[in-house]
Amino acid sequence: MDTPQSHESQPLKKSHKLHNVCYDIRGPVLDHAKRLEEEGQRILKLNIGNPAPFGFEAPEEILQDVMRNLPTAQGYCDSKGLYSARKAIMQECQRKQIPGVGIEDIFIGNGVSELIVMTMQALLNDGDEVLIPAPDYPLWTAAAHLSGGHAVHYLCDEQADWTPDTADIRAKITSHTRAIVLINPNNPTGAVYPPAVVKEVLAIAKQHNLVVFSDEIYDKILYDGVEHTATGALADDDQLVITMNGLSKSYRCAGFRSGWMTISGTLAKLNAQDYIQGLNMLASMRLCANVPAQHAIQTALGGYQSINDLILPGGRLLAQRDITVEKLNAIPGVSCVKPKGALYAFPRLDPKVFNIKDDQQMVLDLLLQEKILLVQGTAFNWPEPDHVRIVTLPWADQLGDALDRFANFLSRYRQ
């Protein structure tokens, strides 16, 4: 009779699927920040677009609707979401002139984050490629790798207000390319793409039969009279466009985790039934999204758009964007393209002045010396260590003080 042999205990390791997955917005430097906080030090967190800690609260009518519907929100709902919420999203698509989006073309998720992972898992086979902007919101890159695919980063042009470099897009398409991602308005740069640029990207996608993912979570946070045009409104009917949006930013409901995606392109959907069936399968596997938070959607989309009070002259978000750009561009060796939307700035630190080789180390040194937490540019898959992302959510005077301290830090910092 065989007796089991004893083996030394081996370290339990993470899956190989996670080897290329990275999300440094909540990465190693944040761990240092948490340690400093545990020691009693106060950290100014300019690393994450979380409105609530900076005094941006959800509209009262949204909170009231969620509370009043709690008694009927205790069970599962349809895997795609509440009918009333999807009806409101459908009407929002009509307002944005995205054609052909019906109730069954709408999926509600636990934030857009869940839906991004879902769309990648349903689409990608091992070795498939997805074109993703550089810089990007890194969850897109992480989701592509986690799903067995490969993120190929196309450059956005800082000299052209951070719009996509369409020549670079064309050069990076291969026989393995399945989709292209647009983030508009953009995180981290704050760029808002002109319709002509979006149309050119759509033309490339159509030529190569690519799915278009359009992340439009910041579509209502716009400055200086800039207008946003939905990608789905510019696409041909035989192009599959999946648009992402939600409540976290424009409605200051980040903790509700209530996002959605819509599928447009009437003719394209006929050719994508198998992919859509895969999305339905994944939506059913997680049963449904947070039901109480879905009751916020109809009120948010149909009610008073309080975001306008924050982005128009006299509004907090506009004032904070302005002080951020002014202070950054006043620092010798630093330049910042003025964001036209979103909640971030992505300044460049001139390599000839600062000679930064390791931008994560620079961000860590800033944290340790000034107790300010930023995110390094390479965390957004920017290829050079010469940018950082700054969240523009604190009050203008608080931002001004922080950026003065950042300027003092840079004046003496070299690697």
Inset, instruction - Tell me, with the steps shown, if I106 and K80 meet side-chain contact (heavy atoms from CB on, under 4.5 Å). - result: CA-CA 7 Å; I106 298 166; K80 290 184 178 179; over 6 Å; no

Legend entry - side-chain contact (heavy atoms from CB on, under 4.5 Å) between T243 and K96, worked out: CA-CA 12 Å; T243 304; K96 295 177 72 66; over 6 Å; no

Inset, instruction - Enter the distance from L366:CG to I372:CD1 here, rounded to the nearest 0.5 Å. - result: 5.5 Å

Legend entry - More than 12 heavy atoms of other groups within 6.0 Å of K371 NZ: yes

Inset, instruction - List in chain and number order the residues that pass ring-ring contact (aromatic ring centres under 6.0 Å, His included) with H295, two or more places apart in sequence or in another chain; answer none if no residue qualifies. - result: none

Inset, instruction - To the nearest 0.5 angstrom, please state how far the NE2 atom of H387 sits from the CG atom of L374. - result: 13.5 Å

Legend entry - Shortest non-hydrogen contact between I311 and K220, atoms and distance: CD1-O, 3.4 Å

Legend entry - Charged N-O contact under 4.0 Å between E37 and K45: yes

Inset, instruction - Take E326 and I323, measure what side-chain contact (heavy atoms from CB on, under 4.5 Å) needs, and give me the verdict at the end. - result: CA-CA 5 Å; E326 176 188 333; I323 191 70; 4.3 Å; yes

Legend entry - D359: salt bridge (Lys or Arg N to Asp or Glu O under 4.0 Å) partners, not counting sequence neighbours: none

Legend entry - Residue pair W382 / D386, side-chain heavy-atom distance below 4.5 Å: yes

Legend entry - Beyond-backbone contact of I180 with H208, side-chain heavy atoms, under 4.5 angstrom: no

Inset, instruction - Measure the OH-CD1 distance between Y275 and I263 for me, rounded to the nearest 0.5 Å. - result: 7.0 Å

Inset, instruction - Give a yes or no on whether the backbone of Y83 and the side-chain of R86 come within a donor-acceptor separation of less than 3.5 Å. - result: no

Legend entry - More than 12 heavy atoms of other groups within 6.0 Å of Q369 CD: yes

Legend entry - salt bridge (charged side-chain N to carboxylate O under 4.0 Å, His left out) contacts in which one or both residues fall within residues 122-134, not counting sequence neighbours: D128-R178

Inset, instruction - Might you work through the side-chain contact (heavy atoms from CB on, under 4.5 Å) test for M362 and Q415, ending with a clear yes or no? - result: CA-CA 8 Å; M362 187 271 290; Q415 284 188 349; 3.8 Å; yes

Inset, instruction - Write down the atom of P185, the atom of H228, and the distance for their closest heavy-atom approach. - result: CD-CD2, 3.5 Å

Legend entry - K249 side chain vs G49 backbone, donor-acceptor pair below 3.5 Å: yes

Legend entry - More than 12 heavy atoms from other groups under 6.0 Å of CD on Q97: no

Legend entry - Side-chain H-bond candidate by donor/acceptor type, Q361 with D365, under 3.5 Å: yes

Inset, instruction - Compare all side-chain heavy atoms of Q121 with those of M281 and state whether any distance is below 4.5 angstrom. - result: no

Legend entry - Spatial distance of atom OG1 (T141) from atom NE2 (H150) [nearest 0.5 Å]: 10.0 Å

Legend entry - N290 side-chain N/O to N110 backbone N/O, donor-acceptor pair under 3.5 Å: no

Legend entry - Residues in ring-ring contact (aromatic ring centres under 6.0 Å, His included) contact with H153, at least two apart in sequence or another chain: none

Inset, instruction - Could you tell me whether the side chain of L146 reaches within less than 4.5 Å of the side chain of M120, counting heavy atoms only? - result: no

Legend entry - G102 backbone acceptor or donor facing D105 side chain under 3.5 Å: yes

Legend entry - Separation of I297 CD1 from I108 CD1 (nearest 0.5 Å): 4.0 Å

Legend entry - Side chain proximity check, E158 to V337, heavy atoms < 4.5 angstrom: yes

Legend entry - Min side-chain heavy-atom separation L399-K327 under 4.5 Å: no

Legend entry - Main-chain N/O of G111 paired to E114 side chain as donor or acceptor, under 3.5 Å: no

Inset, instruction - Would you indicate whether the side-chain heavy atoms of N47 and V391 approach each other to under 4.5 Å? - result: no

Legend entry - Sidechain N-carboxylate O distance under 4.0 Å for R95, E92: yes

Inset, instruction - Identify the two heavy atoms, one from P99 and one from S264, that lie closest to each other, and give their separation to 0.1 Å. - result: O-CB, 3.8 Å

Legend entry - Taking every non-hydrogen atom, the tightest pair across L240 and A272: CD2-CB, 4.0 Å

Inset, instruction - Could you tell me whether D31 and R35 make a salt bridge, using a distance below 4.0 angstrom between a side-chain N and a carboxylate O? - result: no

Inset, instruction - Return the set of residues passing ring-ring contact (aromatic ring centres under 6.0 Å, His included) with Y193 (not counting sequence neighbours), or none when no residue passes. - result: none

Inset, instruction - Report the residues that fulfil salt bridge (Lys or Arg N to Asp or Glu O under 4.0 Å) with D224, sequence neighbours left out, ordered by chain and then residue number. - result: R321

Which atom pairs, donor and acceptor, lie under 3.5 Å between side-chain atoms of residues 338-353 and protein residues at least two apart or in another chain?
unit_1 : atom_1 : unit_2 : atom_2 : d
K340   : NZ     : D161   : OD2    : 3.3
Y344   : OH     : Y218   : OH     : 2.5
D350   : OD1    : K352   : N      : 2.9

Legend entry - Heavy-atom side-chain contact between S335 and N329 under 4.5 Å: yes

Legend entry - Between CZ on residue R389 and OH on residue Y137, distance to nearest 0.5 Å: 8.0 Å

Legend entry - Heavy atoms of other groups near Q41 CD, more than 12 under 6.0 Å: yes

Inset, instruction - Kindly say whether L82 contributes a backbone atom to a donor-acceptor pair with the side chain of Q294 at under 3.5 angstrom? - result: yes

Inset, instruction - Could I get the full list of salt bridge (Lys or Arg N to Asp or Glu O under 4.0 Å) partners for K206, not counting sequence neighbours? - result: D236, D238

Legend entry - Which residues share a ring-ring contact (aromatic ring centres under 6.0 Å, His included) with F213, sequence neighbours left out: W140

Legend entry - Donor-acceptor contact present, side-chain R252 to main-chain S250, <3.5 Å: yes

Legend entry - Closest heavy-atom pair and its distance - I103, M90: N-SD, 3.8 Å

Inset, instruction - Give a yes or no on whether the backbone of G303 and the side-chain of Q305 come within a donor-acceptor separation of less than 3.5 Å. - result: yes

Legend entry - With sequence neighbours excluded, residues passing side chain to side chain donor-acceptor pair (under 3.5 Å) with R68: none

Legend entry - Partner residues of T231 under the side chain to side chain contact (heavy atoms under 4.5 Å, CB included) criterion, sequence neighbours left out: L182, V198, L202, V212, S214, E216, V241

Legend entry - Any donor-acceptor N/O pair, T174 side chain to H176 backbone, under 3.5 Å: yes

Inset, instruction - Report yes or no: does N271 contribute a side-chain atom to a donor-acceptor pair with the main-chain N or O of A268 at less than 3.5 Å? - result: no

Inset, instruction - Search all heavy atoms of A33 against all heavy atoms of L373 and return the closest pair with its distance. - result: CB-CD2, 4.0 Å

Expected list for residues 51-66: side-chain donor-acceptor pairs under 3.5 angstrom, two or more places apart:
unit_1 : atom_1 : unit_2 : atom_2 : d
E60    : OE2    : Q64    : NE2    : 2.9
D65    : OD2    : T299   : OG1    : 2.2

